[in-house]
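Below is one structure, written out as structure tokens, with a few remarks after it.
Just so we're on the same page: letters track the sequence lines, and every chain starts at 1.
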2 protein chains.
Amino acid sequence: MEPIIIVHGGAGNIPESRVQGKLDGVRVAVKAGNKILKEGGAALDAVEAAVVSMEKDEYFNAGYGSVLNLRGEVEMEASIMSGKNLDVGAVTLIKDFEHPISIAHKVLCDSPHSLLGAEGAKIFALEKGFQTVPPESLISENAKHALEEFLKHGEFGRTEIGLKNEGGVGTVGAVAIDRNGDIAVATSTGGMSGKAVGRIGDTPQIGSGTYADNNVGGVSTTGHGESILKYCLAHSIIKLMETGIDANTATKTAVDGMTNRLNNTAGAITLSKNGDVGIHFSSMRMAWAYIKNNKLIYGIEHNQRLED
Amino acid sequence: MEPIIIVHGGAGNIPESRVQGKLDGVRVAVKAGNKILKEGGAALDAVEAAVVSMEKDEYFNAGYGSVLNLRGEVEMEASIMSGKNLDVGAVTLIKDFEHPISIAHKVLCDSPHSLLGAEGAKIFALEKGFQTVPPESLISENAKHALEEFLKHGEFGRTEIGLKNEGGVGTVGAVAIDRNGDIAVATSTGGMSGKAVGRIGDTPQIGSGTYADNNVGGVSTTGHGESILKYCLAHSIIKLMETGIDANTATKTAVDGMTNRLNNTAGAITLSKNGDVGIHFSSMRMAWAYIKNNKLIYGIEHNQRLED
């Protein structure tokens, strides 16, 4: 089949000043993933490449530019899943590697386990040849500013980060289907500004931040992590699609269902096994982009659909 | 309504020598939880009490008696969920506290977050007044023996622990409905013998090891953790019940579906909001017990139903 890839750059109250950077970043990321698919590469490699692109980009809350915990440190997490055999790789509480999603992919390929955290994730990454970087090299000016704002105004609100208007929003994710019909999903995040040390969110929890099943489709979510995991948002969307509901309706139904039940916002991107695209967010904004039939479509506002 | 409580003591290839200890332990645990329900207590407190009882008991792989990682250490995890508002508390990579489930319950009540791991979970627990214990005080002779056997035979097999006949099987869990109709679920584990340092399993992942929703029911699972989390086993059972399928059929359908898809075994205990009981395991054995209408029913073999 014709490969498709969709990415998101995080749901939340994204300030005006960050809109263009995010729109540029999701287009770069979706092209990086699409290149791999076009060359006949696997969906797993395509979603990793798309997420790596956003982990490098300080406009996104993942890898470099991750938001900071209460102690001013980066603690990142990521997950990747193959829809073919439901294989999973995930990591959490990563402090000193540039690309958590690449370590997660290695866990999927090379570990008897699915999720490794903290010291054990570091031991695994070093064994597999990943290089550490100084933790402070992952900290952006924007992330420092977001923590300062959090410490001034100080409570977790209704966005991923908890501030009414901050710059750190932006868990990232990608969903792809390759020419073999294999579906893969990758999600990566720095969590929320001002989070407690050791806080683990929805991203590494399978069925919350990430889910892929070749028999149904793939989903990556973003938004208020604690609400997403309580609702099992990605798996909820998959289960709706399993009953025959199209990707967009399933995504809208579950995201709005979560927001109604838990009073916090989220967003999700979805592909069905037939190549149906689903995009919905209950937050103010969510940057997204997809490439299907050689067209790049993208947006960040509600009811916005731009074409490159 | 009439309160009900059900517990499990872990699915797997439980050796004959451990059968009686587990049958005794699940009955003690279910009575501990039932006492609270009978006195008008909340489902959350009842499932915590039942799990604490099994965390104390060396016949179960949770708290004291937890199996050991490759470095010979205990690393425990636990989760608890309220079906009323979907509140969650969970901890992972806990090394030196006696009752991970009680810390998880405190996370549910007193943290803006749902899941805390490693150092951060310890910081939280100490802040809330929990006392550490020497890590080696949690290690039982049986757990040491299970690790020695793993290191001799050395690969992860089709049971929770990975050995054809070992003594360390036994993630524990409880599901209760109280007189207000509130449902709660608690699950606690030491993971699998010979696991990598930092391995996080299904137990703290909401929708995999634990799920509760007053609108539907509650589920606690046990078995091969990596398979349970890939399948989102607890949430899969909830979603089947949501379509009107009874607790037992939903539990059997999802557990067998997971085993067929992923070629590993599991078990689950389920209560529907109407008080329907579901029990199923694809492993050789799973200890379980419930109290409903003042009768204590229990078993550990397939098609076994004993009454006290």
[X], part contacting chain A, at a heavy-atom distance under 4.5 Å:
{"X": "B/D87", "result": "both"}
{"X": "B/T92", "result": "side chain"}
{"X": "B/I206", "result": "both"}
{"X": "B/Y211", "result": "side chain"}

Nearest atoms (heavy-atom pairs only) where [X] meets [Y]:
{"X": "A/C232", "Y": "B/G207", "value": "SG-CA, 3.6 Å"}
{"X": "B/P112", "Y": "A/E226", "value": "O-CG, 3.8 Å"}
{"X": "A/L229", "Y": "B/S114", "value": "CD1-CB, 3.9 Å"}

What is the distance from atom [atom1] of [X] to atom [atom2] of [Y], rounded to the nearest 0.5 Å?
{"X": "B/R199", "Y": "A/S111", "atom1": "CZ", "atom2": "OG", "result": "9.5 Å"}
{"X": "B/R261", "Y": "A/N215", "atom1": "CZ", "atom2": "CG", "result": "4.5 Å"}
{"X": "B/E119", "Y": "A/E119", "atom1": "CD", "atom2": "CD", "result": "11.5 Å"}
{"X": "B/Q205", "Y": "A/S208", "atom1": "CD", "atom2": "OG", "result": "7.5 Å"}
{"X": "B/S236", "Y": "A/E242", "atom1": "OG", "atom2": "CD", "result": "8.0 Å"}

Review point. Do other residues, nucleotides or ligands put more than 12 heavy atoms under 6.0 Å from A/K84 NZ?
Key: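 Atom NZ in A/K84 is not crowded, with 12 or fewer foreign heavy atoms closer than 6.0 Å.
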Point to revise | Heavy atoms from other residues, nucleotides or ligands near CD of A/E136 exceed 12 (cutoff 6.0 Å) | key: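 Counting other residues, nucleotides and ligands, CD of A/E136 exceeds 12 neighbours.
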Review point. Is there a donor-acceptor pair under 3.5 Å between the side chain of B/H113 and the backbone N or O of A/A196?
Key: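 Yes, the answer is positive, given that a donor and an acceptor are paired below the 3.5 Å cut-off.
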Review point. Does the A/Y231 side chain pair with the main chain of B/L86, one donor and one acceptor, at a distance under 3.5 Å?
Key: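 Not a single qualifying donor-acceptor pair exists.
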Name the option with the most non-hydrogen atom pairs under 4.5 Å to chain A; the candidates are [options].
{"options": "B/N85, B/D213, B/I238, B/L93", "result": "B/D213"}
{"options": "B/V88, B/L116, B/D202, B/V107", "result": "B/L116"}
{"options": "B/V197, B/I123, B/I200, B/V91", "result": "B/I200"}

